[in-house]
Amino acid sequence: MRSRDEIIPEVKNPRLSWWDVAYALNMAIACLITYWIMTHTLSRFVDVPSDFLGGMWAVAATVFVFRETRLRSLSAGIARLIATCVSFALCLLYLLLFPFTPVGMAALIAIGTLVMALLGRRDDIVTVGITTVVVMVVAAMSPADAWQQPLLRLADTVVGIAVGVACKCVGSFLFYKFFGEQEGVQRS
């Protein structure tokens, strides 16, 4: 049986550092850039609700890859891309052949889980599941163009990952340049 301390992690240092402030601002800027890119790019090709959904999904990808270090951000970006590609392939194939159904969505979640387990990427099963649910439910909301949803969500994710990782790298570099500290290192 697990102890309470294993289930609920302790807060090690509740004080904010300059790094924390820079990290928060960097993430906010990355999210704003991502949202702007997606809503201004997609607005030429899709309706307003799809435009907003694209912006939201891209920002979610940016937040997902924004980690404490550049290396961890890049690693999270690769993981997110792999999981999204698995979901993309499954959903696109399904939606080209069948309309949305809850049973179909559940089957895709199960298949995605098995694919990720076979790839040895069990930690990314959650991402495949969430991505599949979003793609399939949005496809149900827009059944006429359902097959386009995997393509759009893949584009949103790629932009979110790219902007998130790029902003993280630039922000960390600038923080080190101005403060002379490694990223994530807090002063005592």
Could you check whether the rings of Phe98 and Tyr94 sit parallel, tilted or perpendicular, using 30° and 60° as the cut-offs? tilted
Connected via hydrophobic side-chain network under 4.5 Å: Leu152 and Met141: no
Using the ring of Trp147 (Phe, Tyr or Trp, six-membered ring only), decide whether Arg153 places NZ or CZ under 6.0 Å from its centre and within 45 degrees of its axis. no
With heavy-atom distances below 4.5 Å as the criterion, would you say the side chains of Leu95 and Val135 are in contact? yes
Val128, Leu151: one ILVMFWY side-chain cluster at the under-4.5 Å cut-off? yes
Check for a donor-acceptor pair, side chain of Ser142 on one end and backbone N or O of Asp145 on the other, with a separation under 3.5 Å. no
Under a 3.5 Å cutoff, is there a donor and acceptor pairing between the side chains of Tyr23 and Ser17? no
Could you tell me whether the side chain of Arg72 reaches within less than 4.5 Å of the side chain of Phe66, counting heavy atoms only? no
One pair to check against side chain to side chain contact (heavy atoms under 4.5 Å, CB included): Arg121 and Ile125. What are the steps and the verdict? CA-CA 7 Å; Arg121 302 196 63 89; Ile125 288 171; over 6 Å; no
Nearest-0.5 Å distance that lies between atom CZ in Phe175 and atom CG in Leu25: 11.0 Å
What verdict does the side chain to side chain contact (heavy atoms under 4.5 Å, CB included) test give for Lys168 and Val165, after you've listed the backbone C-alpha separation in whole Å, the side-chain angles of each residue and the deciding distance to 0.1 Å? CA-CA 5 Å; Lys168 173 62 183 157; Val165 170; 5.6 Å; no
Donor-acceptor check, side chain of Ser73 to backbone of Arg67, threshold 3.5 angstrom: yes or no? yes
Paired with Met116, the side-chain contact (heavy atoms from CB on, under 4.5 Å) test is passed by just one of Leu119, Thr113, Leu114, Leu118, namely Leu119
Are Leu74 and Ile82 connected, step by step, through hydrophobic side chains (Ile, Leu, Val, Met, Phe, Trp, Tyr) whose heavy atoms are closer than 4.5 Å? yes
Gln149 vs Phe88, test: side chain to side chain contact (heavy atoms under 4.5 Å, CB included). Steps then yes/no. CA-CA 9 Å; Gln149 292 308 316; Phe88 160 79; over 6 Å; no
Gap between atom OG1 of Thr132 and atom CD1 of Ile109 - 0.5 Å precision: 6.0 Å
Nearest-0.5 Å distance, OG of residue Ser172 to CZ of residue Arg70: 5.0 Å
Assigning hydrophobic clusters by single linkage (Ile, Leu, Val, Met, Phe, Trp, Tyr; side-chain heavy-atom cutoff under 4.5 Å), is Leu97 placed with Leu92? yes
What is the distance from atom CZ of Phe64 to atom OG1 of Thr127, rounded to the nearest 0.5 Å? 3.5 Å
List the steps and the verdict of side chain to side chain contact (heavy atoms under 4.5 Å, CB included) for Leu154 and Cys85. CA-CA 7 Å; Leu154 177 64; Cys85 286; 4.2 Å; yes
Hey, what do you get for CG (Leu53) to OG1 (Thr39), rounding to the nearest 0.5 Å? 12.5 Å
Residue of the set Thr157, Asp156, Thr34, Thr62 for which side chain to side chain donor-acceptor pair (under 3.5 Å) holds with Trp57: Thr157
Using 30° and 60° as the class boundaries, would you call the ring planes of Tyr35 and Phe52 parallel, tilted or perpendicular? parallel
Linking I/L/V/M/F/W/Y whenever any side-chain heavy atoms sit under 4.5 Å apart, do Met56 and Val65 land together? no
Looking at Ala58 and Met38, what are the two nearest heavy atoms and their distance? CB-CG, 3.2 Å
Residues Ala140 and Pro143: closest non-hydrogen pair is O-CD, 3.4 Å
Once you round to the nearest 0.5 Å, how far does CG of Leu32 lie from CD1 of Ile37? 10.0 Å
